[in-house]
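Report on one structure; see the data block that follows.
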Amino acid sequence: MSQTLVSMVLNGRADGIAKKSYDNIWNYALANGYSPRGMKMDAVMSNSLQIGIATVGYILRAPLRLANKSNFFSHVHQGLHDYLTDNGAKTVFLGSEDLITPKDLEQFAKTRMHMRGLVIMGEVDASLARKLAAIFGRVVYASARLPGVCHSVVANDEDATEKLVEHLHNLGHRRYAWLGGSPGTMRHRIRLDTLKAALQRRGVVLEHIEDDLTGGADRREGYDCAMSLLKRSRSSPSTAWVCFNGLMARGAITCLLKNGYEVGNEISVAALDYTRVREMEWPTLTSSGAIPEELGRIAAELIINDSESSYFKDIVIPATLYAGESTGPTSVKSKTVKASKVTSEATD
């Protein structure tokens with residue numbers, strides 16, 4: 001079929017198009033999970049019904065987009081997609097938090113009857129979450145909570161932090177720094193608080209806190225936080241750096257390597273995360289967290305199988321520890337030369 005014909009059908013046009021061709025295009029598109037932003041929602045839903053495919057919408061927290069979906073939520077979506085596919089359903093992307101307009105909410109209300117439910121990925125404005133819950137009825141909050149409004153599926157950050165600190169403590173580390181991203185969010189607050197508590201239980205005080213204030217939590221932010229820590233601590237940086245997530249840890253590692261540090265020997269870097277970023281580069285990254293695909297799978301299960309329940313469920317996923325090459329026993333090597341280099345860069 002021609003590109004023009006496919007384009008017209010996927011934009012909801014039916015006039016003048018043979019029903020067989022129209023149905024063939026939609027059946028193929030929906031069976032393969034094709035649901036980009038811009039496809040007419042009413043057409044997506046009505047055609048899904050016609051061929052017996054249930055749809056579940058999902059929304060990303062700001063400032064995430066499909067093009068820059070976080071590493072963590074890419075894994076969550078994979079788990080959501082896999083479970084829904086196994087149960088004859090597909091996901092439909094409904095937009096990012098900061099791009100959803102009142103007109104979009106009106107459209108959601110019109111098409112809600114054709115959807116099984118909604119998954120909100122990441123912490124969004126509470127008023128928006130309440131509006132979405134009122135529209136869709138069956139809503140699951142992934143990696144955030146809004147008690148009394150919808151289901152939630154979250155990682156056990158206390159479990160993750162305890163396992164990570166236990167690993168680092170057994171390696172001899174007693175001086176810790178925190179590299180934080182996405183300040184102001186529930187995930188940031190809980191992870192920092194649980195880190196302080198885990199250290200306190202071992203008689204250790206968190207030495208440095210370096211939060212990125214731009215709102216990001218990616219490699220750039222990790223690099224900037226690491227550079228700031230090196231400038232502040234000069235000749236005696238903390239030996240164990242705990243990062244908000246894996247991408248920030250990768251940025252921090254890049255900064256340390258650039259400044260001549262041996263990661264895993266002179267400074268150990270670890271992340272409260274359990275995504276593929278832990279194994280995809282050298283050195284492998286010590287990580288601790290809930291398996292994000294499991295969050296997506298359980299979110300899908302709540303929507304597909306929990307339709308009759310009037311109770312809101314709060315499900316907490318246990319953590320898994322991965323011991324990578326980025327952490328090792330504490331070292332007594334001198335940092336004087338490297339510290340001088342960092343101080344010189346700061347002066348320049």
Side-chain angles (χ1 to χ4, degrees), residues 54-64 70 72-73 76-77 79-80 83-84 87 89 91-161 182-194 197 215 272 289-319:
T55 56
V56 174
Y58 73 97
I59 285 171
L60 294 171
R61 69 164 177 83
L64 301 180
S70 79
F72 178 81
F73 288 115
V76 173
H77 183 248
L80 178 70
Y83 186 90
L84 292 177
N87 287 272
T91 60
V92 177
F93 178 54
L94 300 183
S96 297
E97 172 192 5
D98 51 338
L99 297 182
I100 294 175
T101 66
K103 186 175 180 180
D104 289 323
L105 294 175
E106 292 176 8
Q107 185 66 24
F108 296 163
K110 292 178 182 177
T111 58
R112 185 267 170 272
M113 67 182 68
H114 303 313
M115 302 186 71
R116 297 290 295 272
L118 174 74
V119 177
I120 302 174
M121 295 191 186
E123 188 174 351
V124 302
D125 182 79
S127 63
L128 175 62
R130 286 189 173 91
K131 290 175 183 176
L132 292 169
I135 291 171
F136 289 94
R138 202 176 313 155
V139 172
V140 179
Y141 218 161
S143 200
R145 289 186 174 101
L146 196 57
V149 175
C150 57
H151 297 303
S152 61
V153 184
V154 297
N156 190 335
D157 284 315
E158 183 174 1
D159 183 33
T161 308
S182 299
T185 63
M186 182 193 78
R187 288 174 71 203
H188 176 276
R189 183 179 67 255
I190 291 176
R191 290 181 181 186
L192 178 55
D193 288 348
T194 55
L272 291 170
I291 298 173
E293 288 88 350
E294 187 70 0
L295 269 76
R297 185 193 68 78
I298 292 179
E301 188 175 351
L302 282 171
I303 287 177
I304 296 297
N305 300 328
D306 203 43
S307 59
E308 302 303 322
S309 175
S310 59
Y311 296 97
F312 292 123
K313 295 183 178 178
D314 181 33
I315 298 178
V316 182
I317 310 298

Start with the C-alpha distance between Phe93 and Leu60, add both sets of side-chain angles, then the distance that settles side-chain contact (heavy atoms from CB on, under 4.5 Å), and finish with yes or no. CA-CA 9 Å; Phe93 178 54; Leu60 294 171; 3.8 Å; yes
- Message: For a side-chain contact (heavy atoms from CB on, under 4.5 Å) check, start with the C-alpha distance between Leu118 and Leu132, then their side-chain angles and the critical distance, and finish with the verdict.
- Response: CA-CA 8 Å; Leu118 174 74; Leu132 292 169; 3.8 Å; yes
Arg112 meets the side chain to side chain donor-acceptor pair (under 3.5 Å) criterion, sequence neighbours left out, with none
Worksheet item: Side chains of Met121 and Leu80: closer than 4.5 Å at any heavy-atom pair?
Response: yes
Side-chain ion pair, Glu106 and Lys103, N-O less than 4.0 Å: no
Heavy-atom nearest pair, Gly289 first then Ala160, reads CA-CB, 3.8 Å
Sequence neighbours excluded, the answer for ring pair (Phe, Tyr, Trp, His ring centres under 6.0 Å) partners of Phe136 is Phe108
Exercise. Please answer whether the main-chain N or O of Asp104 pairs with a side-chain N or O of Thr101 as donor and acceptor at a distance below 3.5 Å.
Key: yes
Any idea how Phe312 and His151 line up, ring-wise: parallel (<30°), tilted (30 to 60°), or perpendicular (>60°)?
perpendicular
The reported gap from CG in Asn305 to CZ in Arg116 (rounded to nearest 0.5 angstrom) is 8.0 Å
Q: With the side chain counted from C-beta on, respond yes when Val124 and Tyr141 share a heavy-atom pair under 4.5 Å apart, and no when they do not.
A: yes
The salt bridge (Lys or Arg N to Asp or Glu O under 4.0 Å) partners of Glu158 (sequence neighbours excluded) come to none
To the nearest 0.5 Å, atom NE2 of His77 lies from atom CZ of Phe72 at 14.0 Å
Output for pair (Glu301 CD, Leu84 CG), nearest 0.5 Å, gives 11.0 Å
Report task. Look only at the side chain of Asp159 and the backbone of Ala319, and say whether a donor-acceptor pair between them is shorter than 3.5 Å. Result -> yes
*With side-chain contact (heavy atoms from CB on, under 4.5 Å) as the test, would you mind laying out the steps for Ile317 and Asn156 before giving the verdict?*
CA-CA 6 Å; Ile317 310 298; Asn156 190 335; over 6 Å; no
Would you check if Leu105 and Leu128 make a side-chain contact, meaning some heavy-atom pair closer than 4.5 Å?
yes
Does the ring of Phe73 carry Arg61 above it, NZ/CZ under 6.0 angstrom from centre and within 45° of its axis?
no
Shortest non-hydrogen pair, Ala126 vs Leu146, comes out as O-CD2, 4.0 Å
So the salt bridge (Lys or Arg N to Asp or Glu O under 4.0 Å) pairs with at least one residue in residues 122-135 (sequence neighbours excluded) are none
Separation between CD (Glu293) and CD1 (Ile298), nearest 0.5 Å, reads 12.0 Å
In terms of heavy-atom contacts, Val139 and Cys150 come closest through O-CB, 3.3 Å
Looking only at heavy atoms, the pair that brings Ser152 and Ala144 closest together is CB-O, 3.3 Å
Here the salt bridge (Lys or Arg N to Asp or Glu O under 4.0 Å) pairs for residues 140-157, sequence neighbours left out, are Arg145-Asp314, Asp157-Arg191
The test is side-chain contact (heavy atoms from CB on, under 4.5 Å); show your working for Val154 and Ser143 and say whether it passes.
CA-CA 4 Å; Val154 297; Ser143 200; 5.5 Å; no
With sequence neighbours left out, the residues meeting side chain to side chain donor-acceptor pair (under 3.5 Å) with Ser182 are none
Between the CG atom in Leu94 and the OH atom in Tyr58, the distance rounded to the nearest 0.5 Å is 9.0 Å
Worksheet entry | Beyond-backbone contact of Asp193 with Arg189, side-chain heavy atoms, under 4.5 angstrom | yes
Between Leu295 and Ala290, the two heavy atoms sitting closest are CD1-CB, 4.0 Å
Next item on the list: For the residue pair Ile303 and Val119, establish whether any side-chain heavy-atom pair is separated by less than 4.5 Å.
Entry: yes
